[in-house]
**Q** 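Could you have a look at this structure, given as structure tokens, before my questions?
Naming: A, B, ... by sequence-line order, numbering from 1 per chain. Worth knowing before you read on, the calculation uses all heavy atoms, side chains too, and leaves out hydrogens, waters and symmetry mates. The model shown is predicted, which means the values in this text are computed figures rather than measured ones.
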Protein chains: 2
Amino acid sequence: MPLNPINAPDLSTAPSTSEVIVKHLREAIIAGKLDEGEPIRQDDIAQMFKVSKIPVREALKRLEAEGLVMFQRYKGAVVTKISEPELAQMFEVRVLLEVKAVRLALPHMTEATFAQAERICQEFMDESNVGRWAELNWEFHACLYEPAQRPFLISLIRSIHDKVERYLRLQMALSDGKERADREHRAIIEACREGDADKVADMVERHLTGVCQTLYEHLPDNRYTHHG
Amino acid sequence: MPLNPINAPDLSTAPSTSEVIVKHLREAIIAGKLDEGEPIRQDDIAQMFKVSKIPVREALKRLEAEGLVMFQRYKGAVVTKISEPELAQMFEVRVLLEVKAVRLALPHMTEATFAQAERICQEFMDESNVGRWAELNWEFHACLYEPAQRPFLISLIRSIHDKVERYLRLQMALSDGKERADREHRAIIEACREGDADKVADMVERHLTGVCQTLYEHLPDNRYTHHG
DNA sequence: CAAGGTTATATTGTATACTATTTATCGACG
DNA sequence: CGTCGATAAATAGTATACAATATAACCTTG
């Protein structure tokens with residue numbers, strides 16, 4: 001018997017209510033629509049989706065494991081607040097992982113890869129919506145790493161992305177982050193075209209550490225002391 | 001007001017039922033007490049802990065995010081089966097992260113670090129319980145990385161450890177894995193004492209890739225085709 | 001007796017109901 | 001007037017109950 005001759009979708013993985021909620025909440029947190037430190041009211045979320053709070057809690061438990069929210073017993077879940085040292089550590093790991101990814105991907109890149117990356121860059125520059133920027137930013141990076149054929153590595157990078165993205169948004173909006181990102185992205189594409197692995201690795205590293213640096217400079221100093 | 005003058009514990013983080021269950025289930029999965037592919041019956045777990053299945057489900061949702069179980073709608077959660085390519089990718093990332101960790105840690109290691117590492121090695125060799133081996137193996141590695149003062153990096157390494165540990169158990173028990181691990185561990189300690197970062201990095205990398213290699217050789221070939 | 005349908009059972013997923021705990025409100029007391 | 005304590009409201013956490021679906025047992029039919 002030939003396998004899956006009609007390319008049937010996997011019905012057993014149809015999303016449950018809690019999975020739908022996970023997706024929405026994750027996007028909301030990443031987009032910075034929920035202030036960090038502010039408690040997430042289970043009943044409110046439940047009413048938004050017209051469901052009970054059971055699936056809401058299951059969704060929050062998942063997001064807790066992803067590091068996006070934190071539970072405090074009898075006080076509920078709050079959006080995780082990332083300290084500056086933690087941010088620095090995350091970028092340190094990102095550099096490590098993303099440099100590895102792009103190195104592995106480089107030999108398998110084709111003109112289609114570059115074209116796709118440039119298309120994303122263009123869309124990025126034409127876009128005015130801040131929320132979409134971050135999304136396209138990830139798409140760009142993912143596009144460069146995908147040829148590596150390392151789903152585990154990429155999912156790990158993505159999970160870190162998800163945690164820091166709402167801070168990046170800040171940085172991109174305030175400084176000339178967008179133009180700088182575009183410049184650096186296009187330069188990386190060119191380096192990839194040349195096929196010089198060391199150069200590409202160096203550029204990706206500088207790009208990421210640069211972003212981290214700007215982010216640091218634009219972080220409000222009082223994020224530890226402000227109340228309410 | 002002086003901060004926490006009596007070093008008070010944080011009572012707001014007292015574990016809820018679901019968190020207790022998470023911990024136990026996680027340990028059971030890591031220890032290989034639950035066969036991969038076999039469904040985890042929510043009511044069974046609930047009865048074991050004499051609770052309802054609500055906290056059990058929340059626990060499973062957490063473990064799903066950690067990659068230890070997978071949900072199939074209306075069929076429940078099963079222990080995640082890791083394919084050989086996935087295992088290889090995980091080790092690839094482990095090498096990357098652990099080499100980085102030990103490099104960062106090296107300059108901050110003291111004689112206390114080495115003594116502690118040696119103590120763990122000794123306990124490892126004196127131990128006959130397979131389950132305890134893996135635990136001590138992690139303790140050894142964590143001991144070497146802890147001086148790096150990179151909690152995020154170490155937690156990432158740990159999460160990968162947790163996913164592959166039940167396969168390592170297999171490998172350690174079947175081959176001369178235990179003796180070899182001890183030999184290599186002690187050699188790594190010596191290299192750390194010498195303070196030669198490149199040498200240490202190289203040894204850690206060889207150690208990990210070696211483990212992965214042996215693991216690969218001892219994996220049953222039929223793990224994709226065997227039914228029931 | 002084989003193949004396919006049909007009912008029964010088991011299991012998951014979610015809503016409702018209840019309990020435990022925290023937080024806000026308010027009054028007694030110094 | 002402020003502080004302490006009691007009470008009330010709000011919210012989290014969990015048990016029970018029920019609905020949706022899958023699996024197994026059985027039955028029908030050729």
**Q** Do the charged groups of A:Arg166 and A:Glu36 touch, with an N to O distance under 4.0 Å?
**A**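 Salt bridge flag = yes for A:Glu36 with A:Arg166.
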
**Q** Just checking A:Ile40: base, sugar-phosphate only, or nothing, at a heavy-atom cut-off of under 4.0 Å?
**A**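 Sugar-phosphate, no base atom in range.
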
**Q** Whole angstrom is fine here: how far is it from CD in B:Gln42 over to C1' in D:dT14?
**A**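 One finds 15 Å between C1' of D:dT14 and CD of B:Gln42, rounded.
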
**Q** How close or far is atom P of D:dT11 from atom CG of A:Asp44, stated in whole angstroms?
**A**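 My rounded result for the distance is 7 Å.
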
**Q** Mind calculating the distance between CZ (A:Phe71) and P (D:dT11) to the nearest angstrom?
**A**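 After rounding, the reported distance stands at 16 Å.
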
**Q** Decide, yes or no, whether a salt bridge links A:Glu165 with A:Arg169 under the criterion of side-chain N to carboxylate O below 4.0 Å.
**A**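 Judged by the 4.0 Å cut-off on N to carboxylate O distance, A:Glu165 and A:Arg169 do form a salt bridge.
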
**Q** Counting the atoms with a prime plus P, OP1 and OP2 as sugar-phosphate, which does B:Arg41 contact under 4.0 Å by heavy atoms, base, sugar-phosphate, or nothing?
**A**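 If one applies the 4.0 Å heavy-atom cut-off, B:Arg41 turns out to touch the sugar-phosphate alone, with no base involved.
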
**Q** Taking NZ, NE, NH1 and NH2 as the nitrogens, is one of them in B:Lys61 or B:Glu58 under 4.0 Å from a carboxylate oxygen of the other?
**A**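 Judged by the 4.0 Å cut-off on N to carboxylate O distance, B:Lys61 and B:Glu58 do not form a salt bridge.
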
**Q** CG of B:Leu60 versus P of C:dT11: gap in Å, rounded?
**A**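 So the CG-P distance, B:Leu60 to C:dT11, works out to 15 Å.
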
**Q** Report the nucleotide, chosen from D:dG13, D:dT23, C:dG13, that has the shortest atom-to-atom distance to any side-chain atom of A:Arg57.
**A**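 Of the options given, the side chain of A:Arg57 lies nearest D:dG13.
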
**Q** How many Å lie between NZ on B:Lys61 and C1' on C:dT14, as a whole number?
**A**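 In whole Å, C:dT14 C1' and B:Lys61 NZ are 12 Å from each other.
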
**Q** Identify the pairs formed between an N or O of the protein and an N or O of nucleotides 15-18 of chain C at a distance under 3.5 Å, and give each distance.
**A**
| residue | atom | partner | partner atom | Å |
| --- | --- | --- | --- | --- |
| C:dA15 | OP2 | A:Ser52 | N | 2.7 |
| C:dA15 | OP2 | A:Ser52 | OG | 2.7 |

**Q** For A:Glu58 and D:dA12, give me the distance from atom CD to atom C1', rounded to whole Å.
**A**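 A:Glu58 atom CD is separated from D:dA12 atom C1' by 15 Å.
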
**Q** Between C:dT21 and A:Lys75, is there an OP1 or OP2 to side-chain N/O distance shorter than 4.0 Å?
**A**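 For C:dT21, OP1/OP2 do not have a side-chain N/O of A:Lys75 under 4.0 Å.
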
**Q** Using the six-membered ring wherever Trp is involved, compare the ring planes of A:Phe124 and A:His185 and label them parallel, tilted or perpendicular (cut-offs 30° and 60°).
**A**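 Judged by the thresholds at 30° and 60°, the geometry between A:Phe124 and A:His185 is tilted.
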
**Q** Without placing hydrogens or testing angles, list every side-chain donor-acceptor pair under 3.5 Å for residues 89-100 of chain A, not counting sequence neighbours.
**A**
| residue | atom | partner | partner atom | Å |
| --- | --- | --- | --- | --- |
| A:Gln89 | OE1 | B:Phe152 | N | 2.9 |
| A:Glu92 | OE1 | B:Arg150 | NE | 2.7 |
| A:Glu92 | OE2 | B:Arg150 | NE | 3.3 |
| A:Glu92 | OE2 | B:Arg150 | NH2 | 3.0 |
| A:Arg94 | NE | A:Glu98 | OE2 | 2.7 |
| A:Arg94 | NH2 | A:Glu98 | OE2 | 3.1 |
| A:Arg94 | NH2 | A:His161 | NE2 | 3.0 |
| A:Glu98 | OE1 | A:His141 | ND1 | 3.2 |
| A:Glu98 | OE1 | A:Tyr145 | OH | 2.4 |

**Q** Name the atoms and distances for all side-chain donor-acceptor pairs under 3.5 Å in residues 23-34 of chain B, with sequence neighbours left out.
**A**
| residue | atom | partner | partner atom | Å |
| --- | --- | --- | --- | --- |
| B:Arg26 | NE | B:Glu66 | OE1 | 2.9 |
| B:Arg26 | NH2 | B:Glu66 | OE2 | 2.8 |

**Q** Whole Å only: how far is the CZ atom of A:Arg73 from the C1' atom of D:dT14?
**A**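 For the pair A:Arg73 CZ and D:dT14 C1', the rounded distance is 10 Å.
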
**Q** Taking CD1 from B:Ile45 and C1' from C:dT12, how many angstroms apart are they, rounded to a whole number?
**A**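 Nearest whole value for this atom pair: 14 Å.
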
**Q** Considering only C:dG13, C:dT22, D:dA12, which nucleotide approaches the side chain of A:Ser16 most closely?
**A**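 For the A:Ser16 side chain, the nearest candidate turns out to be C:dG13.
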
**Q** Any carboxylate oxygen within less than 4.0 angstrom of a Lys/Arg side-chain nitrogen, looking at A:Glu19 and A:Arg62?
**A**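 Salt bridge: no.
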
**Q** Looking at C:dT12, D:dG13, C:dT14, which one has an atom nearest to any side-chain atom of A:Tyr74?
**A**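 Output: D:dG13.
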
